[in-house]
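Okay, so here's the structure we're looking at.
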Amino acid sequence: MMTSTTLDAPAAKPLLSWYDRHHRDLPWRVSPPMAARGIKADPYHVWLSEVMLQQTTVPAVKPYFANFLARWPTVRDLADAPSEDVMAAWAGLGYYARARNLKKCAEAVAGEHDGVFPDSEDGLKSLPGIGDYTAAAVAAIAFNRQAAVMDGNVERVISRLYAIATPLPAAKPLMKQKVALLTPKDRPGDFAQAMMDLGATICTPKRPACSLCPFNGSCEALRLHDPERFPVKAAKKEKPIRQGAAFIAVTADGDVLLRRRIESGLLGGMTEVPTTGWTARQDGETSANAAPFLAAWEPCGAVTHVFTHFELRLSIYRVAIPSRIQVDNGWWEPVTNLESQALPTVMKKAITAAIPLAFKHAKD
DNA sequence: CAACCGTGGGC
DNA sequence: TGCCCAAGGTT
């Protein structure tokens with residue numbers, strides 16, 4: 001039997017054929033059988049899902065996507081919504097700049113584009129929160145444009161197909177070239193989604209199922225018997241630890257003191273309980289003198305929360321007072337209303353440490 | 001370009 | 001259990 005060391009160049013056809021048989025059914029997706037019945041993708045749905053899916057898993061996005069569409073069926077509805085409502089609806093999904101930009105983008109589309117999304121990559125990329133990936137994805141999926149869509153999945157597939165040894169992110173331009181050469185004029189949206197489905201279900205980071213891959217006859221990494229070696233990434237940096245304290249004040253009526261964080265930076269625009277600054281460890285005392293008002297603050301444990309680039313250790317203090325006290329930049333919210341507030345996960349953890357039953361599905 | 005920016009699930 | 005990772009964008 002003859003063996004060959006040369007591989008056929010990958011082609012889009014086998015991937016699209018694989019996608020027709022093995023595509024995932026997702027709430028925001030017009031799958032091939034639906035497309036065959038003449039159903040078109042709604043750019044608003046595509047855009048909303050793509051923004052939610054930035055660095056976020058499909059299972060995490062599904063309930064948020066359904067809730068957003070139920071509350072704001074069109075991009076104009078979202079543009080007209082109060083920011084507080086949008087931030088509250090986004091709470092728990094993370095990367096809150098996405099929610100702020102989502103609102104700005106909806107306002108731009110509604111106000112400057114007659115409620116119609118631009119149908120070109122350039123037009124889309126000029127909108128808030130839409131970068132290289134999302135512009136290409138919306139252009140391809142919603143508008144059938146021959147755009148080269150490259151996300152983390154595609155990077156992994158491409159890096160393996162061509163055994164690209166250059167580390168990310170330096171290898172991105174080369175990878176994008178390869179994607180552009182592979183992207184077909186026909187069904188570019190399905191091709192993009194197929195590449196992502198392939199990366200999510202077959203060409204996985206660990207233990208890829210190469211025997212099931214439509215590219216297994218033309219994958220250089222597989223030929224080298226080491227697909228997991230790709231993509232090569234730069235070493236990660238160590239996560240520093242920061243400390244602080246959080247203060248949960250409750251009135252006899254069951255109201256909790258809340259504040260709004262500034263618009264920019266970490267958890268920007270979200271709701272919080274009063275806290276100290278979060279600084280690199282300053283031995284022991286996490287100053288209870290930074291409390292929102294003078295009272296007999298009682299320590300009630302600690303909360304650890306891991307952010308993208310640091311670990312936070314919050315000392316929790318609580319106090320029960322007879323009635324509301326006027327506090328600058330703060331307001332009192334009934335405990336029964338906390339569920340509807342724009343509270344990020346770390347704040348729910350802090351509140352739960354002081355008021356165990358504050359949230360119905362609170363963790364211990 | 002590198003730092004910043006959340007969260008939850010899987011192994 | 002700690003680490004890796006998931007449909008990235010902005011500054």
Side-chain angles (χ1 to χ4, degrees), chain A residues 23-24 26-29 45-65 87 90-102 104-105 124-142 147-157 167-170 172-173 176 179 189 191-201 203-207 228 231 233-240 242 261-270 272 278 304-312 342-349 361 363:
Chain A
H23 62 85
R24 292 178 289 177
L26 300 171
W28 45 84
R29 172 174 289 176
H45 296 192
V46 174
W47 163 73
L48 179 61
S49 67
E50 290 302 342
V51 174
M52 286 184 167
L53 286 161
Q54 289 166 6
Q55 296 290 287
T56 307
T57 58
V58 165
V61 165
K62 280 182 176 176
Y64 285 87
F65 179 77
M87 298 309 285
W90 196 276
L93 202 53
Y95 285 144
Y96 298 99
R98 290 186 295 172
R100 301 193 298 269
N101 286 329
L102 190 81
K104 289 182 197 163
C105 183
L124 289 159
K125 212 184 152 181
S126 70
L127 294 166
I130 298 185
D132 285 337
Y133 163 76
T134 305
V138 175
I141 296 168
V149 178
M150 192 171 75
D151 73 327
N153 288 303
V154 179
E155 287 172 5
R156 187 168 53 257
V157 172
L168 286 170
K172 279 193 179 187
K176 182 119 180 187
V179 178
F191 174 81
Q193 296 178 91
M195 287 287 276
M196 294 189 278
D197 277 21
L198 189 72
T201 64
C203 194
T204 50
K206 303 295 179 188
R207 299 175 58 83
E228 285 188 19
K233 296 185 176 179
K236 328 200 123 171
K237 289 179 39 183
E238 185 176 348
K239 244 174 223 188
R242 295 187 198 172
R261 295 176 63 85
I262 60 172
E263 283 300 306
S264 60
L266 188 72
L267 309 178
M270 300 295 284
E272 67 172 3
W278 305 342
T304 295
H305 190 78
V306 181
F307 290 102
T308 304
H309 59 293
F310 69 93
E311 178 179 319
L312 176 65
L343 288 164
T345 298
V346 61
M347 294 302 159
K348 289 188 174 184
K349 281 190 193 177
H361 304 290
K363 298 178 231 169

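So you know, we letter chains A, B, ... as the sequences are listed, proteins then strands, and number each from 1.
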* Asked: Under 4.0 Å between a side-chain N or O of A:Q55 and OP1 or OP2 of C:dA6?
  -> no
* Asked: Counting just side-chain N and O atoms, does A:K236 come under 4.0 Å of either OP1 or OP2 of C:dC5?
  -> yes
* Structure fact -> Of the listed B:dC4, B:dG6, C:dG8, the closest approach to the A:H309 side chain comes from B:dC4
* Name the nucleic acid region contacted by A:R207, choosing base, sugar-phosphate or nothing; use a 4.0 angstrom heavy-atom cut-off, strictly under. => nothing
* Between B:dT7 (P) and A:K349 (NZ): distance, integer Å -> 8 Å
* Just to confirm, is there a sub-4.0 Å distance from OP1 or OP2 of B:dT7 to any side-chain nitrogen or oxygen of A:H305? -> yes
* Is A:P59 touching bases, backbone alone, or none of the nucleic acid, heavy atoms closer than 4.0 Å? -> nothing
* Asked: Reckon A:G92 touches a base, only the sugar-phosphate, or nothing at all at heavy-atom distances under 4.0 Å?
  -> sugar-phosphate
* To do: Return yes if the base of B:dG6 and the side-chain atoms of A:T345 contain a donor-acceptor N/O pair under 3.5 Å, otherwise no.
  => no
* Give, for atom CE of A:M347 and atom CD of A:E272, the distance between the pair rounded to the nearest 0.5 Å. => 5.0 Å
* Which nucleotide, B:dA3, C:dG8, C:dC5, lies nearest any side-chain atom of A:K233? -> C:dC5
* Structure fact -> Taking C:dA6, C:dG9, C:dG8 as options, the one with an atom nearest any side-chain atom of A:T57 is C:dA6
* Counting heavy atoms not belonging to A:K176, are there more than 12 under 6.0 Å from its NZ? -> yes
* Find the distance A:E50:CD to C:dA6:C1' and express it as a whole number of Å. => 13 Å
* Report the distance from atom NZ of A:K206 to atom C1' of C:dG2, rounded to the nearest whole Å. => 14 Å
* **Shortest side-chain distance from A:L266, nucleotide among B:dA3, C:dG9, B:dC5** => B:dC5
* To do: Scan A:P169 against the nucleic acid and name what it touches under 4.0 Å (heavy atoms): base, sugar-phosphate only, or nothing.
  => nothing
* May I have the step-by-step check of ring-ring contact (aromatic ring centres under 6.0 Å, His included) for A:H305 and A:F307, ending in yes or no? => CA-CA 6 Å; A:H305 190 78; A:F307 290 102; 4.8 Å; yes
* To do: Report which part of the nucleic acid A:V306 touches: base, sugar-phosphate, or nothing (heavy-atom distance under 4.0 Å, all strands).
  => base
* To do: For the residue pair A:Y133 and A:Q54, confirm or rule out a side-chain donor-acceptor distance under 3.5 Å.
  => no
* Asked: Of all the nucleotides listed (C:dG8, B:dA3, B:dC5), which has the minimum atom distance to the side chain of A:T308?
  -> B:dC5
* Whole-Å gap separating P (B:dC1) and NZ (A:K237) -> 16 Å
* Using a 4.5 Å cut-off on heavy atoms from C-beta on, say whether the side chain of A:W47 contacts that of A:L124. => no
* When the C1' atoms of B:dC1 and C:dT10 are considered, how many whole Å apart are they? -> 13 Å
* Euclidean distance for C1', C:dA6 against B:dC5 (whole angstrom) -> 15 Å
* **Between B:dC5 (P) and A:L312 (CG): distance, integer Å** => 12 Å
* **Side chain A:T56 and base B:dG8 donor-acceptor under 3.5 Å** => no
* Asked: Do the side chains of A:L48 and A:Y64 get nearer than 4.5 Å, heavy atoms only?
  -> no
* Whole angstrom value for the distance that separates C1' of B:dC4 from CZ of A:R242 -> 10 Å
* A:Y96 vs B:dT7: side-chain N/O to OP1/OP2 distance below 4.0 Å -> yes
* Asked: With a non-hydrogen cut-off below 4.0 angstrom, is A:L102 in contact with a base, only sugar-phosphate, or nothing?
  -> nothing
* **Rounded distance in Å - NZ (A:K239) to P (B:dG6)** => 13 Å
* Asked: When rounded to the nearest Å, what value does the distance between P atoms of C:dT11 and B:dG6 take?
  -> 14 Å
* Steps toward salt bridge (charged side-chain N to carboxylate O under 4.0 Å, His left out) verdict (A:D132, A:K172) -> CA-CA 12 Å; A:D132 285 337; A:K172 279 193 179 187; over 6 Å; no
* So what does A:W47 touch, heavy atoms closer than 4.0 Å: a base, only the sugar-phosphate, or nothing? -> nothing
* To do: Taking only the side-chain nitrogens and oxygens of A:R156, find out if one of them lies under 4.0 Å from OP1 or OP2 of C:dA6.
  => yes
